[in-house]
K.L.:
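Just dropping this structure here.
Per chain, numbering begins at 1; letters A, B, ... match sequence-line order.
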Protein chains: 2
Amino acid sequence: MLADIEKAEVFRVLPPDRVDRLRPLLRECPFERRRVLYFEGAEASRLWIVQQGQIRLYKSSARAQITTLDVLGPGEVFGALAPLEQATYSTSAEAISDGRAWWLPRETFLKLLGGDPAVAVEILRIVSRRLIDAQERLRSFAYDPAPARLAQALLQVSTDGKATVTRRALAEAAGTTVETAIRVLRRFAHDGLVVGAVGKIDILDRDALEQIASGE
Amino acid sequence: MLADIEKAEVFRVLPPDRVDRLRPLLRECPFERRRVLYFEGAEASRLWIVQQGQIRLYKSSARAQITTLDVLGPGEVFGALAPLEQATYSTSAEAISDGRAWWLPRETFLKLLGGDPAVAVEILRIVSRRLIDAQERLRSFAYDPAPARLAQALLQVSTDGKATVTRRALAEAAGTTVETAIRVLRRFAHDGLVVGAVGKIDILDRDALEQIASGE
DNA sequence: CCCCGGATATGATCGAGAGCATACCCGACC
DNA sequence: GGTCGGGTATGCTCTCGATCATATCCGGGG
């Protein structure tokens, strides 16, 4: 839970008085698990900031194939980040837990961007980091086998050795199928690397997983 | 060939006098085909701008597996784009033709960024677009079969129905092997979609290729 | 002129993983 | 208590594409 937007990654850089002027412009929006905040292709009218809970950004193809691109937690921004002409969301956004978000109109955000280099540089920093991540995942998707990608996804979502995540969610983050995710995780469990339960995986041997994640 | 940097995507937004002050800070650097401008992981000390020729950004894994992430032409920027603390290049950059580039020191660029919202917003626009592309490619790599990815790569690099590209280069852009690229392109040729030569592919049926690229 | 490296081409093999079917478990809800 | 849906589990099959091997063509350099 994030008490205030002054802690959010976008607005950290602003002096307190600037944040104060911003506060009345923000709307709050509670969301429940599975709620889709927006779909890919819709008009990108809002910049969102997670206050509480988690949001995943994903893309879907034909035949219900889904790729999870990013999972965001409190303080992280998403939505109408790009100052591009064609203002449509490039991904869909779905809540993976109950929570709460702020949003502000794209226009307001763009004005903010153009008015203050600090904000623009901060957003650039955020987007750059995501680009670098995406490029690394691209390399991984091109050449790493499914177990490596699953190990990466698992390490990614785990916080201190524990991951609350279904096999399906892992599969969608790793670009594979539920069946493969289940089989690979069973093998990990058999080899003593993890212990699995329903919707939950505990990591026993992080080093070994990292080994596998980096391609043996 | 780009006559002047005022046409480059980064500096388009600057008024002429700002560009004039910038000009003395730029260095020129000629490069020949296959020259590597920098390697992934090296200190990101320069922002580069293509003046003439083409540069590809790529990542390599173990066993000489290479993924081409982007191909840049005149006016496009690359290199130390991200205002992050750990200033290392996140990809390698190699010339795929003879050409020429400008560069300016990362510090100079960062000062420029912080000093002018217009520049920061422009860079943000560029990086955002690349992020959106990378995300779409990620989806594609996760689920599209090799022929679809190859068709995409071919359409990407072709300029009005003609592509000057080797099978290997296409394979590296599509995340597959040379052999597969060759076989798939042969099939395309057999089906009358393209005609191939050494280092060159002409598109005959763009619609059909787009059909295949989007997953049949 | 010969040699070498890179590009294209093609055959043979083989395995990872997708796809499909089925089954079990369990919590939610009627 | 019964039903239903989602998550996990497992077997079987089959295809795509990676891998390995080999061959041809061609341009450039000694």
Side-chain angles (χ1 to χ4, degrees), chain A residues 32-34 61-67 94 96-98 139-151 153-154 157 163-190 194-202 212 215-216, chain B residues 32-34 61-67 94 96-98 139-151 153-154 157 163-190 194-202 212 215-216:
Chain A
E32 66 285 358
R33 192 170 133 81
R34 305 201 174 217
S61 334
R63 297 223 316 273
Q65 292 171 321
I66 290 181
T67 314
E94 179 195 359
I96 56 178
S97 71
D98 293 350
R139 187 207 57 71
S140 176
F141 273 44
Y143 290 117
D144 293 346
R149 301 198 311 268
L150 282 165
L154 180 55
V157 300
T164 306
V165 67
T166 63
R167 313 290 186 270
R168 168 172 296 277
L170 267 190
E172 286 172 358
T176 183
T177 60
V178 199
E179 294 96 318
T180 297
I182 289 173
R183 274 185 256 260
V184 168
L185 282 166
R186 286 244 96 194
R187 226 185 59 217
F188 286 174
H190 176 265
V194 303
V195 288
V198 173
K200 182 153 97 64
I201 297 150
D202 290 354
I212 291 170
E216 229 79 0
Chain B
E32 67 284 359
R33 192 171 131 82
R34 303 199 176 219
S61 336
R63 298 224 315 273
Q65 291 171 319
I66 289 179
T67 313
E94 179 194 359
I96 55 178
S97 72
D98 292 351
R139 189 208 55 73
S140 175
F141 273 44
Y143 292 115
D144 292 347
R149 300 197 312 266
L150 282 164
L154 180 55
V157 301
T164 306
V165 66
T166 63
R167 312 291 185 270
R168 169 171 296 277
L170 267 190
E172 286 172 356
T176 183
T177 60
V178 199
E179 294 95 322
T180 297
I182 289 173
R183 274 184 255 259
V184 168
L185 282 167
R186 285 244 99 194
R187 225 185 57 215
F188 286 173
H190 176 266
V194 302
V195 287
V198 172
K200 185 155 95 64
I201 297 149
D202 289 354
I212 292 170
E216 230 81 1

K.L.:
I'd like to check B/L185 versus B/L170 (side-chain heavy atoms, cut-off strictly below 4.5 Å). Are they in contact?
P.N.:
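The answer is yes, as the side chains (C-beta and beyond) meet within the 4.5 Å cut-off.
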K.L.:
Does A/R167 contact D/dG6 through a side-chain donor or acceptor facing the base, at a distance under 3.5 Å?
P.N.:
no
K.L.:
Can you tell me how far P of D/dG5 sits from CZ of A/R168, to the nearest Å?
P.N.:
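That distance rounds to 15 Å.
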K.L.:
Checking contacts here: which listed nucleotide (D/dG7, D/dT19, D/dT10) is nearest the side-chain heavy atoms of A/I182?
P.N.:
D/dT10
K.L.:
Between A/T166 and D/dG6, is there a contact of a side-chain N or O with OP1 or OP2 at under 4.0 Å?
P.N.:
no
K.L.:
Have a look at A/R183 and say if it touches a base, only the backbone sugar-phosphate, or nothing, with a 4.0 Å heavy-atom cut-off.
P.N.:
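Result for A/R183 = base.
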K.L.:
Counting any heavy atom closer than 4.0 Å, what does B/R149 reach on the DNA or RNA strands: base, sugar-phosphate only, or nothing?
P.N.:
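Answer is nothing: B/R149 stays at 4.0 Å or more from every strand.
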K.L.:
Going 5' to 3' along DNA chain C, which are the first and last nucleotides with any atom under 4.0 Å from a heavy atom of chain B?
P.N.:
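Counting from the 5' end, contacts occupy C/dA7 to C/dA12.
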K.L.:
On DNA chain D, compare the nucleotides closest to B/V184 and A/G196; which residue's is nearer the 5' end?
P.N.:
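Per heavy-atom nearest nucleotide, the more 5' residue is A/G196.
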K.L.:
Could you tell me how far apart B/R33 (CZ) and D/dG27 (C1') are, to the nearest whole angstrom?
P.N.:
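Result: 13 Å.
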K.L.:
Within the side chain of B/R149, is there an N or O that forms a donor-acceptor pair under 3.5 Å with the backbone of B/S140?
P.N.:
no
K.L.:
For B/F141 and D/dC16, give me the distance from atom CZ to atom P, rounded to whole Å.
P.N.:
19 Å
K.L.:
On the nucleotide D/dA18, are OP1 or OP2 found under 4.0 Å from the side-chain N or O atoms that B/T180 carries?
P.N.:
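Result: yes.
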K.L.:
Please give, in whole Å, the distance from D/dT8 C1' to A/E179 CD?
P.N.:
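After rounding, the gap between these two atoms is 11 Å.
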